[in-house]
Structure formats: structure tokens, C-alpha cells
Amino acid sequence: MTAELHSRRTVLTTGAAVAGAAVGAVALTACGSEAPSSGSAAAPPAAAPGETLTALSDIEIGQAKAAKTADGKDVIVTRTAEGTAAAFSAICTHQGCAVVPAGAELKCPCHNSIFDAATGAVKKGPADKPLPSIAVKVANGQVVTA
């Protein structure tokens with residue numbers, strides 16, 4: 001009977017160790033992948049022309065603001081001058097995390113990439129591609145998709 005209990009315990013212990021290793025491998029693969037997550041930075045979020053993203057007055061000149069398209073996609077809107085704005089996908093081109101405005105820069109909290117808020121260009125990696133731009137215009141004080 002002792003041999004039977006020992007073999008069951010060995011089987012259960014071995015099974016738990018294998019399952020734990022598999023879960024750990026999946027978690028490491030998700031974090032270490034070099035490709036952006038599906039639907040991330042390969043293309044800018046599609047938005048219907050005329051879709052309001054934010055009021056221009058809500059953004060100081062040279063600063064950026066996080067916004068969402070009508071279908072919930074993350075975007076960044078930057079006020080580039082008195083009456084103009086630029087917009088970009090808010091999804092980091094490195095691994096798909098959402099960037100956040102920080103003055104005249106956009107920072108990725110996951111791996112510390114930094115982008116220029118006015119152009120979407122990479123200022124510091126590991127990202128090596130700019131944020132995809134979104135065509136916008138200012139109409140009646142609102143930043144809208146063009």
C-alpha cells in the first residue's frame with residue numbers, strides 16, 4: 001500500500017510541476033514576444049471621418065491628451081499650434097502597450113520607449129517604429145478625424 005501511495009504522490013507532484021512550468025512558459029512568451037499584440041500598432045485605428053476625438057481647448061499647445069475613438073480604440077491627440085492638432089495610435093509599436101502623455105513626449109510604461117508627441121517619432125527605444133498617425137483636422141474647436 002505504501003508503494004501505491006508513493007506512486008500516486010509522485011504522479012501528482014510531477015503533474016503539478018509540469019503544469020506550473022507550462023503556465024510559466026506561456027506567461028514568459030506573452031511578455032517576451034518581439035511582435036506587437038494582434039491588432040496593435042500595425043495600422044492606426046480606423047475612425048470614420050468627422051468623428052470628434054476631443055476639444056482643442058482641452059489640450060495646451062505642445063501637450064498631448066489620451067482619447068478614444070467611437071469604437072473604443074486608444075489614440076493620442078497633440079495640440080501642435082494655436083489652431084492645429086495631430087493624432088496617433090496610442091499603441092506602442094514595440095509590444096502593444098498603451099503609451100501615456102508626458103508633456104511633449106509619449107511614454108510607454110511597459111518597456112520605457114519614448115515618442116515625440118508632435119510627430120509620433122521614436123525618441124528612445126526599444127520601439128523602433130513611430131506611432132501610426134491618424135488624419136485629423138480642427139473644426140468648430142473640436143479635433144475630428146479627417
Side-chain angles (χ1 to χ4, degrees), residues 7-146:
S7 67
R8 280 187 188 168
R9 184 174 299 137
T10 303
V11 169
L12 289 175
T13 304
T14 303
V18 169
V23 169
V26 168
L28 287 175
T29 300
C31 183
S33 170
E34 286 302 316
S37 61
S38 65
S40 62
E51 181 181 320
T52 299
L53 298 177
T54 188
L56 187 65
S57 62
D58 287 348
I59 311 167
E60 292 182 40
I61 295 173
Q63 304 293 304
K65 175 184 177 181
K68 288 193 180 285
T69 60
D71 62 353
K73 300 278 191 316
D74 292 320
V75 297
I76 298 290
V77 181
T78 302
R79 187 170 183 179
T80 54
E82 183 61 37
T84 60
F88 307 94
S89 168
I91 305 304
C92 181
T93 55
H94 176 239
Q95 287 190 355
C97 296
V99 299
V100 294
E105 296 178 331
L106 306 172
K107 295 185 177 184
C108 179
C110 295
H111 301 103
N112 300 315
S113 290
I114 300 174
F115 300 87
D116 184 289
T119 66
V122 176
K123 292 177 81 173
K124 176 183 169 273
D128 60 359
K129 294 180 186 130
L131 296 173
S133 64
I134 300 167
V136 293
K137 63 183 180 180
V138 177
N140 300 320
Q142 301 294 311
V143 179
V144 298
T145 52

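Values in this document were obtained by computation on a predicted structure and should not be read as measured data.
Side-chain N or O atoms of Thr145 include one that pairs as donor or acceptor with a backbone N or O of Gly50 at under 3.5 Å. Remark: the backbone N or O of Cys108 is not paired with any side-chain donor or acceptor of Ser113 at under 3.5 angstrom.
Heavy-atom minimum distance, Val77 versus Ala85: CG1-CB, 4.3 Å. Nearest heavy-atom pair across Phe115 and Ala127 is CZ-CB, 3.6 Å. Nearest heavy atom pair, residue Ile76 against residue Ala90, reads CG1-CB, 3.7 Å. Nearest approach of Val136 to Ala87, heavy atoms of both residues: CG1-CB, 3.6 Å. Of all heavy-atom pairs spanning Asp128 and Val122, the tightest one is C-CG2, 4.0 Å. Across all non-hydrogen atoms, the minimal contact from Pro132 to Thr93 is CD-CG2, 4.2 Å.
Separating the CG atom in Leu56 from the OG1 atom in Thr84 is a distance of 7.5 Å, to the nearest 0.5 Å. Ile61 contributes atom CD1, which lies 8.5 Å from atom OG1 of Thr80 (distance to the nearest 0.5 angstrom). Distance check, rounded to the nearest 0.5 Å: OG of Ser89 to CG of Asp74 gives 8.0 Å. Taking CD from Glu105 and CD from Gln63, the interatomic distance works out to 10.5 Å, rounded to the nearest 0.5 Å. Atom-to-atom distance recorded for Thr54:OG1 and Lys65:NZ is 3.0 Å, nearest 0.5 angstrom.
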Original post:
Where do Ile59 and Thr78 land on the side chain to side chain contact (heavy atoms under 4.5 Å, CB included) test, with the steps shown first?
Top reply: CA-CA 7 Å; Ile59 311 167; Thr78 302; 6.0 Å; no

Subject >> Intermediate values then yes/no, disulfide bond (SG atoms under 2.5 Å apart), Cys110 and Cys92 >> reply: CA-CA 9 Å; Cys110 295; Cys92 181; over 6 Å; no

**OP:** Please lay out, stage by stage, how Lys107 and Asn112 fare under the test side chain to side chain contact (heavy atoms under 4.5 Å, CB included).
**Re:** CA-CA 6 Å; Lys107 295 185 177 184; Asn112 300 315; over 6 Å; no

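Under the side chain to side chain donor-acceptor pair (under 3.5 Å) criterion, Glu82 pairs with Arg79, not counting sequence neighbours.
Around atom NZ of Lys123, more than 12 heavy atoms belonging to other residues, nucleotides or ligands sit under 6.0 Å away. More than 12 non-hydrogen atoms from other residues, nucleotides or ligands lie less than 6.0 angstrom from NZ of Lys124.
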